[in-house]
**Q** 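Quick one: the structure is below, questions incoming.
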Protein chains: 2
Amino acid sequence: MKNSNSSVKIDGIDKKILRYLMEDARRPILEIARNIGISGAAIHQRLRKLEASGLFVGSKFIVNPKVLGYTTMAYIGIFLDKAMANPQAVKALEKIPEVLECHYTTGNWSILIKVLCRDNEHLMQVLNKKIQQIDGVSRTETFISLNQQIDRQIHI
Amino acid sequence: MKNSNSSVKIDGIDKKILRYLMEDARRPILEIARNIGISGAAIHQRLRKLEASGLFVGSKFIVNPKVLGYTTMAYIGIFLDKAMANPQAVKALEKIPEVLECHYTTGNWSILIKVLCRDNEHLMQVLNKKIQQIDGVSRTETFISLNQQIDRQIHI
DNA sequence: CTTGAAAGGTTCGGTCC
DNA sequence: GGACCGAACCTTTCAAG
């Protein structure tokens, strides 16, 4: 398993392929092939190699939460009583479906999480009835994202 | 254009399809069809309907930044001199490839961004030579993500 | 929702540096 | 060995019923 290795070499053709697919994972490979000027089979072979190198983890459908009525996104900084409480806290956070990301951070807080809720009232319930109830959580700071103005992946 | 409408109805079959594809956008539709017990074309029709409703925005290849040598992720809270500087600041941030997300937030800062860098030195350069140079940026607070412990989409 | 035909994706054997 | 191509086979897509 040659993986998570930072010595992966990709050439210009690989970059072109990745740029197409990072925007739309279901873009026809033959269309890319015609644009670049090689056969579909060659692209497929390169993709298999890139996958084996660990460079891409897979592909995901992106759903628009607003259409499902989820319009409130927020970041919450969490203070823990003791640093050793982290693994249990993460385990508890995993069980809360509104929690989309969880980062173990330097700085003020022990943990920074991103949550997605239907509205402010839903966010308040998640805060009071779910997050504040977790053992070890002493205090939280909430930052509501009024507008996500940039959302992209690493630039290749 | 019936879009961004929060009155989209999805049934159990739609949910199953979405759950499969949110994990892996290139999963064979016929495989899902066999699991659910309807034809591949039927799934395709439901997907077209869901796409028309605005529920999904597309699909993306997910690349692993670590393999490319990008190992330092951080959140940076940005204080702006004046709130009106926001549009210009976002425009400037868009030109910095290391900036992956940008949120207009309530609370302490005007802006919260997520950056991805090769290492701490690279992060320092991005902070000092790019972000601090933006007109209107008065002060920043940086939180390095030592470990992203949860990363997922809205639960369906 | 299903069928069926056209377009696309995948794999394999072979060719050419 | 490494990269690419072409053809056979399977999957996806789309229109018609």
**Q** Is the phosphate of C:dT2, meaning OP1 or OP2, less than 4.0 Å from a side-chain N or O of B:Ser39?
**A** yes
**Q** Checking B:Arg46 now: which residues fulfil salt bridge (Lys or Arg N to Asp or Glu O under 4.0 Å) with it, not counting sequence neighbours?
**A** B:Asp11, B:Asp14
**Q** My understanding is that only residues two or more places apart in sequence, or in another chain, count here; which of them pass side chain to side chain donor-acceptor pair (under 3.5 Å) with A:Gln125?
**A**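 Per chain and number, A:Gln125 pairs via side chain to side chain donor-acceptor pair (under 3.5 Å) with no residue.
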**Q** Give a yes/no on whether any side-chain N or O of A:Lys49 is located under 4.0 angstrom from OP1 or OP2 of D:dA3.
**A** yes
**Q** Side-chain heavy atoms under 4.5 Å apart, restricted to Ile/Leu/Val/Met/Phe/Trp/Tyr: what other residues fall into the cluster of B:Leu112, or is it alone?
**A** A:Tyr75, A:Phe79, A:Trp109, A:Leu112, A:Phe143, B:Tyr75, B:Phe79, B:Trp109, B:Phe143
**Q** I'd like to check the salt bridge (Lys or Arg N to Asp or Glu O under 4.0 Å) partners of B:Arg34; sequence neighbours left out, ordered by chain and number.
**A** none
**Q** Look at the side-chain N and O atoms of A:Arg46 and state whether any lies under 4.0 Å from the OP1 or OP2 oxygen of D:dC4.
**A** yes
**Q** Whole angstroms only, please: what is the CG-C1' distance between B:Asp24 and D:dT12?
**A** 15 Å
**Q** Atom CD1 of B:Ile32 to atom P of D:dT11: distance rounded to whole Å?
**A**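 Distance check: B:Ile32 CD1 to D:dT11 P gives 13 Å.
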**Q** For the pair made of CD1 in A:Ile43 and C1' in D:dA3, what is the distance, rounded to whole Å?
**A** 13 Å
**Q** Output every pair passing salt bridge (Lys or Arg N to Asp or Glu O under 4.0 Å) with a member in residues 111-137 of chain B, not counting sequence neighbours, ordered by first then second residue.
**A**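 Residue pairs with at least one partner in residues 111-137 of chain B: A:Glu101-B:Lys114, B:Glu98-B:Lys130, B:Glu101-B:Lys114.
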**Q** Could you grab the distance from atom CD1 of A:Ile156 to atom CE of A:Met22, nearest 0.5 Å is fine?
**A**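 A:Ile156 CD1 to A:Met22 CE: 4.5 Å, rounded to 0.5 Å.
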**Q** So if I define the base as every atom that isn't primed, P, OP1 or OP2, how would nucleotides 4-17 of chain C read as a B/S/- string at a heavy-atom cutoff under 4.0 Å?
**A** ----SSSBB-----
